[in-house]
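One structure is given here, and the rest of the page talks about it.
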Amino acid sequence: MRNKIFTQKSIKKEIKKQKLKNKTIVLCHGVFDLLHLGHIKHFESAKTKGDFLIVSITSDKYVNKGPGRPLFNKDIRANTISALSIVDAVIISNFETSEEIIKIIKPDIYFKGPDYKNNKKDLSKNIYKEIKAVKKYNGKIIYSNDETYSSSNLINNSGILFNDEQKKFLNSIKKKYSFDYILKTFEKFNFLKPLIIGETIIDEYIFCDVLGKSGKEPHLVIKDEFVESYLGGAGAIANHLSSFCKKINFLTCIGDQNNHVNFIKKSIKKNINSKIIIKKNSPTILKKRFLDIVSRNKLFGVYSMNDQLVDSKTTQNIYNNIKNNFLGSDLLIISDYGHGFISDKLAKDISKLNKFTALNAQVNASNYGYHSLNKYKKIDSLIINETELRHEVRDKRTDVYTLSKLLKKKYRINNLIVTRGRNGALLIGNEKNKIIQCPAFTEKVIDKVGAGDTMLSIISLCLRLKIPGELSLLVGSLAGANSVESIANSQTLDKKNLLRKIEYILK
């Protein structure tokens, strides 16, 4: 059997050969995960429209169908489809959309499934770009009339990807909420105007080659290979919300030494209105992590910061800015890293403001044993992990449910979210202290840095609009899963991508 898997270079030669024979080139593009009858019927229909059928397959890193997808990697999918006699050529697309593949192949016919007939239903809106690209090369787009079968539906219900707990939770969501309802809910986020308060942090990742022990002294020697920097802290939260809300106000703090101001301004999204407070005699918080270049495991970290409290004059300046921006805001999102930006007095003054307030008060290496929620008196939404919860109530043995209720009552928290790693997350709202549990949907954990902030950003919007707790928790959990599957805040949360994941996970 001839090899039907082509590279970009070899497919061009093959197309040229077919054109000389006056053959009509047909292109099908997709993920084609878990090949099924619907795919085969789709290819059969496509072949009736021309002579030479090419199937392009989306590369793994661009598959956006939720945790654990694709089920099969690009090579397995390519080899499976190439085994079909009706398919003449297969190419792996290493692009986010099919525009580049269309440009390379210049098909006479671009064949799409019936679910794309109504272009408006394509959440990514890529179909419009594809149509434009096909017409540019004098091609024609045709939609099939075949019955559709969903790979996602087959995978979701097979037990291959989700365990019984996950399937039970997702089935409960599907019974109560249609995807149209979720879509309309997300559109409401557009009109919220959040005010985000907190320190901006620069997360610097230094990828190193571990050389071994020093020849003369008893310490490890590493060679730095390359560096990547990401906007972290409250700046990351603002960026995460930039595709959900039209207007965002952001009040932050950086140092007057080594302040990285150009990097910060360049990294902040355009629809974010930023007000930067300068903390005197301080560097902008820089958290360096040294990683092994092969395994990507963290070796150690070095933090540059001054975590003393800002002076009283700066505190008053911060509060004045909050009040000025607060009048036009719908909710406050506070990310308190315990590095001196939010004093006890400022926290108490913020607590008196009569607006929806969401908080993430993190325990980290520099504030462990000192950071506390004591300074906050009223919180509408608090996100905390189980370790932080136990630290806050000084109890490492009592079950997490009892401790959650205790903390909620102690600080008058309306909505308490506790993240538990592989055990998922729980939410206790106002409904008779009912505990809602959502299982974890993370398949691979690459880096936990920024996961809490990512979850805080989107779940704050949900709870502000009084979206049901179980749906809010699912949306927040998927956002958190998206974060831990990449390094630091290298992947900003995107509304379209998150909606697509929700759409496929609920099929």
Side-chain angles (χ1 to χ4, degrees), residues 4-6 8 11-12 14-59 62-65 70 74 77-78 80-154 496 500 503-504 507:
K4 294 194 285 187
I5 301 175
F6 290 79
Q8 289 184 37
I11 196 67
K12 287 180 179 179
E14 184 63 30
I15 290 169
K16 190 175 182 180
K17 190 189 301 182
Q18 296 298 326
K19 289 285 187 181
L20 289 172
K21 297 178 184 177
N22 291 320
K23 301 294 185 181
T24 300
I25 307 297
V26 183
L27 173 65
C28 292
H29 174 80
V31 176
F32 304 116
D33 201 10
L34 190 65
L35 188 69
H36 54 68
L37 180 62
H39 291 147
I40 294 170
K41 286 185 173 294
H42 182 71
F43 298 148
E44 287 175 341
S45 296
K47 192 63 177 280
T48 64
K49 307 300 179 183
D51 307 299
F52 193 82
L53 176 60
I54 302 172
V55 177
S56 63
I57 296 171
T58 303
S59 187
Y62 295 119
V63 175
N64 184 35
K65 295 193 174 187
K74 64 184 188 306
R77 288 181 283 131
T80 302
I81 291 176
S82 69
L84 300 173
S85 59
I86 199 164
V87 175
D88 299 297
V90 177
I91 182 170
I92 296 170
S93 172
N94 291 306
F95 307 103
E96 191 169 357
T97 70
S98 63
E99 291 171 86
E100 289 298 321
I101 285 295
I102 291 170
K103 181 180 178 181
I104 291 165
I105 294 172
K106 300 178 178 62
D108 300 297
I109 303 294
Y110 185 54
F111 199 73
K112 298 290 284 184
D115 44 335
Y116 284 93
K117 280 184 179 179
N118 185 349
N119 298 157
K120 293 179 181 179
K121 288 188 175 182
D122 178 24
L123 291 174
S124 68
K125 305 303 177 189
N126 288 329
I127 187 66
Y128 296 105
K129 298 175 185 177
E130 294 169 5
I131 292 170
K132 185 177 179 181
V134 170
K135 289 181 177 178
K136 181 178 179 180
Y137 300 106
N138 300 314
K140 182 181 179 183
I141 186 165
I142 295 178
Y143 304 95
S144 76
N145 293 311
D146 299 316
E147 182 181 355
T148 58
Y149 299 79
S150 169
S151 293
S152 296
N153 179 264
L154 293 170
K496 290 178 183 177
R500 277 174 61 83
E503 180 183 24
Y504 284 110
K507 282 193 173 182

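Side chains are part of it too, since the values below use all heavy atoms of this structure and drop only hydrogens, waters and symmetry mates.
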Inter- and intrachain pairs under salt bridge (Lys or Arg N to Asp or Glu O under 4.0 Å), touching residues 98-111, at least two apart:
K19-D108
Go through the steps for V90 and F32 under the test side-chain contact (heavy atoms from CB on, under 4.5 Å), then give the verdict.
CA-CA 12 Å; V90 177; F32 304 116; over 6 Å; no
Grab the two heavy atoms, one from A89 and one from I11, that are nearest each other, plus how far apart they are.
CB-CD1, 3.9 Å
In this structure, CD of E130 is separated from CD1 of I101 (nearest 0.5 Å) by 11.5 Å
Sequence neighbours excluded, the answer for ring pair (Phe, Tyr, Trp, His ring centres under 6.0 Å) partners of Y504 is none
Pairs touching residues 43-56 that satisfy salt bridge (Lys or Arg N to Asp or Glu O under 4.0 Å), sequence neighbours left out:
K47-D88
Taken to the nearest 0.5 Å, the spacing of K4 NZ from L84 CG works out to 7.0 Å
If you apply the rule side-chain contact (heavy atoms from CB on, under 4.5 Å), what do you find for I54 with H29, and how did you get there?
CA-CA 8 Å; I54 302 172; H29 174 80; over 6 Å; no
If I compare all heavy atoms of A46 with all of V26, which pair ends up nearest, and what's the gap?
O-CG1, 3.7 Å
For K117, enumerate each residue passing the side-chain hydrogen bond (donor to acceptor under 3.5 Å, both in side chains) test, keeping only those at least two apart in sequence or located in another chain.
N145
Taking only residues two or more places apart in sequence or in another chain, which ones pass side-chain hydrogen bond (donor to acceptor under 3.5 Å, both in side chains) with S93?
none
Partner residues of K129 under the salt bridge (Lys or Arg N to Asp or Glu O under 4.0 Å) criterion, sequence neighbours left out
none
Under 4.5 Å between any side-chain heavy atoms of V31 and R77, yes or no?
yes
Looking only at heavy atoms, the pair that brings S56 and L27 closest together is OG-CD1, 3.8 Å
Could you list the residues that satisfy side chain to side chain contact (heavy atoms under 4.5 Å, CB included) with V134, not counting sequence neighbours?
I102, Y110
Nearest-0.5 Å distance that lies between atom CD1 in I131 and atom CG in N126:
11.0 Å
Counting distance only, does the side-chain N/O of K74 pair as donor-acceptor with the main-chain N or O of N94 below 3.5 Å?
no
According to side chain to side chain contact (heavy atoms under 4.5 Å, CB included), who are the partners of S144, at least two apart in sequence or on a separate chain?
H42, F111, P114, D146
Working to the nearest 0.5 Å, report the span between CD of Q8 and CZ of F95.
4.0 Å
With side-chain contact (heavy atoms from CB on, under 4.5 Å) as the criterion, how do E14 and F52 come out once you've worked through the C-alpha distance, each side chain's angles and the decisive distance to 0.1 Å?
CA-CA 10 Å; E14 184 63 30; F52 193 82; 3.7 Å; yes
With the side chain counted from C-beta on, respond yes when K136 and K132 share a heavy-atom pair under 4.5 Å apart, and no when they do not.
no
With Y116 via side chain to side chain contact (heavy atoms under 4.5 Å, CB included) - residues at least two apart:
K112, D122, I127, Y143
Atom CD1 of I105 and atom CD1 of I25: how far apart are they, to the nearest 0.5 Å?
9.0 Å
Is the shortest side-chain heavy-atom distance between Q18 and T24 below 4.5 Å?
no
Side-chain contact, heavy-atom cut-off 4.5 Å: I15 with F6?
no
Rounded to the nearest 0.5 Å, how far apart are NE2 of H39 and OG1 of T80?
11.5 Å
